[in-house]
Amino acid sequence: MRLYDSLSQEKKEFVPRDEGHVTMYFCGPTVYNYVHVGNARPYVVSMVAKRYFESLGYRVTLVENITDVDDKIIQKANAEGRSAAEVGAEFAQAYRDDTDRLGLGRPDVEPLATEHIREIIDLIEKLIESGHAYQSGLDVYFKVGGFADYGKLSKQQVAEMRHGARVGVGEDKADPLDFALWKGAKPGEPSWDSPWGAGRPGWHIECSAMSIKYLGKGFDIHGGGRDLIFPHHENEIAQAEGALGAPFVRFWMHNGMLNLGDEKMSKSLGNILTLREILDRYRPEALVMVFLGSHYRSPMELNTEVLEEAEQQVNRLRNVFAALADRVEAGGGAAPDEKTGATTAVALLERVTARERAFADAMADDLNTAAALAEIFGLAREANAALAAGEVDADTATQVRAKMGEMVHVLGLDAVAGSGGDIPVDIIAMAEERQKCRAARDFTRADELRAAISERGYEVRDVPGGFKVVAAK
RNA sequence: GGCGACGUGGCCGAGUGGCUAGGCACGGGUCUGCAAAACCCGCUACACCGGUUCAAUUCCGGUCGUCGCCUCCA
């Protein structure tokens with residue numbers, strides 16, 4: 001496959017460092033509150049990438065950190081009279097709960113900064129020994145001027161950056177561009193013992209320390225939002241390569257930002273910004289669908305329109321899976337056909353093969369999920385058409401369903417292939433009652449029953465020889 | 001000011017030097033007691049101005065506009 005690397009700014013052929021094993025690290029959220037819906041994008045991108053690599057037969061180790069110590073967490077804790085650890089733990093769990101609802105599974109490792117203080121201190125010591133860092137008062141800073149490649153990821157000129165650089169209060173840096181590796185403890189702050197006294201790690205160092213710990217030097221893919229390119233990832237490179245004396249990462253993968261500026265969203269729904277709120281209003285797979293609909297590197301709109309549209313797209317895929325399942329359940333062969341005859345099922349399987357290939361090509365081209373998704377929709381139309389024509393036998397339906405199931409699985413849309421859950425018996429009873437009314441041509445009563453079923457969140461459809469009840473949403 | 005991305009049909013959004021993206025919405029039809037689902041048909045675009053080319057939405061230059069980053073925001 002070919003993967004875009006933000007450092008070289010080009011698509012490159014992706015071959016893992018270790019044969020058969022892909023190593024990935026993504027920057028997760030800082031948990032000072034419920035996560036913003038924007039935090040869901042790198043999570044979804046990384047999980048889909050993992051699934052894709054797995055579909056190619058690779059073993060994948062995906063590490064995604066959770067930053068549970070930083071200024072905002074401390075601020076919130078102090079404002080609420082709680083400990084920073086308590087606030088961090090609460091929202092780290094909320095983050096896991098929220099992303100769990102997306103149904104994509106969990107990264108292989110989700111390290112917390114506070115549980116890796118030892119590794120962080122070790123890395124800082126290495127940087128001091130190699131002359132890349134220095135102690136100043138109770139703080140330790142990285143010496144940017146001593147790292148020749150500084151700026152290579154963000155394409156910034158060090159001299160230019162120096163113009164606008166600010167130095168915060170209480171900081172005593174040799175160069176305004178130097179950044180904190182270790183911050184001496186101030187009153188009311190959580191701290192850990194270190195060779196430089198009690199303090200806490202700077203933001204960037206945890207990712208260098210933890211990614212190296214779990215994935216080693218020169219691992220395959222390091223990802224996160226574009227906005228992290230500078231300073232976060234630039235600094236990670238400086239720290240890691242300064243300490244390792246070797247390349248840190250092989251591919252830098254950055255997802256585009258979400259555009260939430262749509263006034264309709266804020267007007268009608270009151271500024272939905274947290275992932276939690278979105279998931280309370282829309283099916284999780286609809287949000288995943290929205291993410292898949294645009295390329296991961298592109299900026300993306302997120303508003304009520306696109307979410308509602310995605311709900312429709314989810315319905316469409318659900319329907320075709322349900323139709324295939326029904327065909328399988330019905331069993332038997334295809335209805336004899338006048339023109340196309342027995343070859344139609346074969347033709348459909350050929351379409352499946354062609355679509356699978358196009359799907360694979362799209363994903364192999366820098367994870368083009370939008371194009372891959374188009375293949376699934378195309379196949380949905382073809383399968384529906386063949387089903388409607390009665391040209392699909394149960395065996396073919398089984399195969400088509402399995403192949404489509406594999407495709408939606410790679411994209412993390414397993415939910416659309418599911419049975420949709422059991423229909424409550426009383427709903428079934430109402431639908432049966434309705435059938436009797438229809439048979440008796442009591443359409444008024446039949447329509448009342450359908451309305452009642454609809455109010456319970458289900459939809460009854462008349463199909464040849466009976467009826468079908470589906471969850472409305 | 002510096003770095004980077006981007007301007008596609010009613011909306012979202014892929015992609016390409018000449019060949020239908022896809023979805024949603026909309027209109028017409030088939031089916032149907034009604035409806036839904038599904039299928040068929042229609043809707044055919046590429047900011048603007050130059051240039052290169054037999055041919056540009058697709059390459060090059062410029063203009064206008066939008067967005068992200070430029071010290072701690074995915």
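The analysis underlying the following values was restricted to heavy atoms, covering all of them including side chains, and did not include hydrogens, waters or symmetry mates. Below, chain A is the first sequence line, B the second, and so on; all start at residue 1.
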message = OP1 or OP2 of B:rC72 versus the side-chain N and O atoms of A:N235: is any pair under 4.0 Å?
response = no
Check your understanding: P atom, B:rC54 versus B:rG68: distance in rounded Å?
Key -> 43 Å
Q. A:E234 side chain to A:G151 main-chain N or O, any donor-acceptor pair under 3.5 Å?
A. yes
Fit a plane to each ring of A:W252 and A:H233, take the angle between them on a 0 to 90° scale, and name the class: parallel (under 30°), tilted (30 to 60°) or perpendicular (over 60°). tilted
Looking at A:R434, I'd like to know whether one of its side-chain N or O atoms comes within less than 4.0 Å of OP1 or OP2 on B:rG33.
no
_For a salt bridge (charged side-chain N to carboxylate O under 4.0 Å, His left out) check, start with the C-alpha distance between A:R318 and A:E285, then their side-chain angles and the critical distance, and finish with the verdict._
CA-CA 11 Å; A:R318 284 199 108 99; A:E285 58 270 33; 2.8 Å; yes
When A:G225 and A:D178 are each assigned the nearest nucleotide of RNA chain B, the 5'-most assignment goes to A:D178
For atom P, what is the distance between B:rG61 and B:rC3, given to the nearest Å? 15 Å
**Asked** What distance, rounded to whole Å, do you find between the two P atoms, one in B:rG22 and one in B:rU63?
**Response** 37 Å
Here the distance between atom C1' of B:rA21 and atom CD of A:E382, to the nearest Å, is 13 Å
Would you say a side-chain N or O of A:T444 is under 4.0 Å from OP1 or OP2 of B:rG33? no
Does a distance-only test, which skips hydrogens and angles, find a donor-acceptor pair under 3.5 Å between the side chain of A:K183 and the base of B:rC72? yes
Paired to B:rU52 by Watson-Crick or G-U wobble criteria (both distances under 3.5 Å) is none
- request: Please check the phosphate of B:rA25 (OP1 and OP2 only) for any side-chain N or O of A:Q312 closer than 4.0 Å.
  value: yes
From CZ of A:R318 across to P of B:rA38 the rounded distance in Å is 13 Å
Practice task
Please state the C1' separation for the pair B:rA45 and B:rU58 - nearest whole angstrom.
Solution key: 13 Å
Re B:rU20: Watson-Crick or G-U wobble partner, both distances kept under 3.5 Å, found to be none
*Which part of the nucleic acid, if any, lies within reach of A:V460 when heavy atoms closer than 4.0 Å are counted: base, sugar-phosphate only, or nothing?*
base
- Message: By the 4.0 Å heavy-atom rule, please label A:G256 as base, sugar-phosphate, or nothing.
- Response: base
Taken to the nearest whole Å, CE/A:M363 to P/B:rA14 is 14 Å
Rounded to whole Å, the OH-P distance (A:Y150 to B:rC3) equals 17 Å
Here the gap from A:R355 atom CZ to A:E375 atom CD, rounded to the nearest 0.5 Å, amounts to 5.0 Å
- A:N368 side chain N/O closer than 4.0 Å to the phosphate oxygens (OP1, OP2) of B:rG15? yes
- Answer yes or no: does a side-chain N or O of A:N384 lie under 4.0 Å from OP1 or OP2 of B:rC39? yes
Quick note, A:F443 side chain, CB onward, closest among B:rG23, B:rC39, B:rG33 is B:rG33
Ranking B:rA36, B:rU71, B:rC39 by distance to the side chain of A:R461, first place goes to B:rA36
In A:K11, A:R2, A:H295, the residue satisfying side chain to side chain donor-acceptor pair (under 3.5 Å) with A:D365 is A:K11
Winner on side-chain proximity to A:E459, out of B:rU71, B:rA38, B:rA36, is B:rA36
Taken to the nearest whole Å, CZ/A:F26 to P/B:rA74 is 14 Å
Could you check whether the side chain of A:R41 and the base of B:rA74 have a donor-acceptor pair of N or O atoms closer than 3.5 Å, going by distance alone?
no
Exercise. If we take the C1' atom in both B:rG18 and B:rU30, what is their distance in whole Å?
Worked result: 37 Å
message = Students often get this wrong, so: under 4.0 angstrom with heavy atoms, is A:E375 touching a base, only sugar-phosphate, or nothing?
response = nothing
Work out how far the C1' atom of B:rU66 is from that of B:rG28, and round it to whole angstrom.
38 Å
Margin query: Looking at A:K72, I'd like to know whether one of its side-chain N or O atoms comes within less than 4.0 Å of OP1 or OP2 on B:rC73.
Written below: yes
Next item on the list: Tell me yes or no: between the side chains of A:Y296 and A:N368, is some donor less than 3.5 Å from an acceptor?
Entry: no
Task: Distance-only donor-acceptor check, side chains A:E277 and A:T274, under 3.5 Å - done: yes
By nearest-nucleotide position on RNA chain B, the 5'-leaning member of A:D462 and A:A371 is A:A371
Under the criteria of a ring-centre distance below 5.5 Å and an interplanar angle below 30°, is A:F377 stacked with the base of B:rG22? no
Between the base of B:rG2 and the side chain of A:Q157, is there a donor and acceptor pair under 3.5 angstrom?
no
Testing B:rA74, B:rA37, B:rA14 for proximity to the side chain of A:A370, the answer is B:rA14
Review point. Hey, does A:L228 reach any base, or is it just sugar-phosphate, or nothing, if we go heavy atoms under 4.0 Å?
Key: sugar-phosphate
ask   = How would you label the contact of A:R297 with the nucleic acid (heavy atoms, under 4.0 Å): base, sugar-phosphate, or nothing?
value = nothing
Answer for the Watson-Crick or wobble partner of B:rU57, both distances under 3.5 Å, is none
Separation of the P atoms in B:rG23 and B:rC40, to the nearest angstrom: 10 Å
Classify the nucleic acid contact of A:S298 as base, sugar-phosphate or nothing, counting any heavy atom under 4.0 Å across all strands shown. sugar-phosphate
Contact class for A:L258 vs. all strands (heavy atom < 4.0 Å): base, sugar-phosphate, or nothing? base
message = Just by distance, no angles: are the side chains of A:H409 and A:R51 close enough, under 3.5 Å, to form a donor-acceptor pair?
response = yes
Taking B:rG13, B:rC39, B:rC69 as options, the one with an atom nearest any side-chain atom of A:R381 is B:rC39
A:D227 has its side chain closest, among B:rC73, B:rU71, B:rC72, to B:rC73
*asked:* Between A:E311 and A:N315, do the side chains contain a donor N or O and an acceptor N or O under 3.5 Å apart?
replied: no
Which part of the nucleic acid, if any, lies within contact of A:G224, taking any heavy atom under 4.0 Å across all strands shown: a base, the sugar-phosphate backbone alone, or nothing? sugar-phosphate
(request) Give a yes/no on whether any side-chain N or O of A:R316 is located under 4.0 angstrom from OP1 or OP2 of B:rA38. (result) yes
Taken to the nearest whole Å, CG/A:L379 to P/B:rU20 is 20 Å
**Request:** Determine the interatomic distance between C1' on B:rU57 and the same-named atom on B:rA47; round to the nearest Å.
**Result:** 11 Å
A:L324 CG to B:rA38 C1', in whole Å, measures 12 Å
Of B:rA74, B:rC72, B:rG2, the nucleotide closest to the side chain of A:Q156 is B:rG2
- Task: Mind checking A:H232 for me? I need base, sugar-phosphate or nothing, with any heavy atom below 4.0 Å counting as a touch.
- Result: nothing
- Query: Any side-chain donor-acceptor pair under 3.5 Å between A:R327 and A:T396?
  - Reply: no
As its Watson-Crick or G-U partner within any shown strand, both distances under 3.5 Å, B:rG4 has B:rC67
Of B:rC70, B:rC12, B:rA14, the nucleotide closest to the side chain of A:F230 is B:rC70
In whole angstroms, the gap separating C1' of B:rG13 from CG of A:L367 amounts to 17 Å
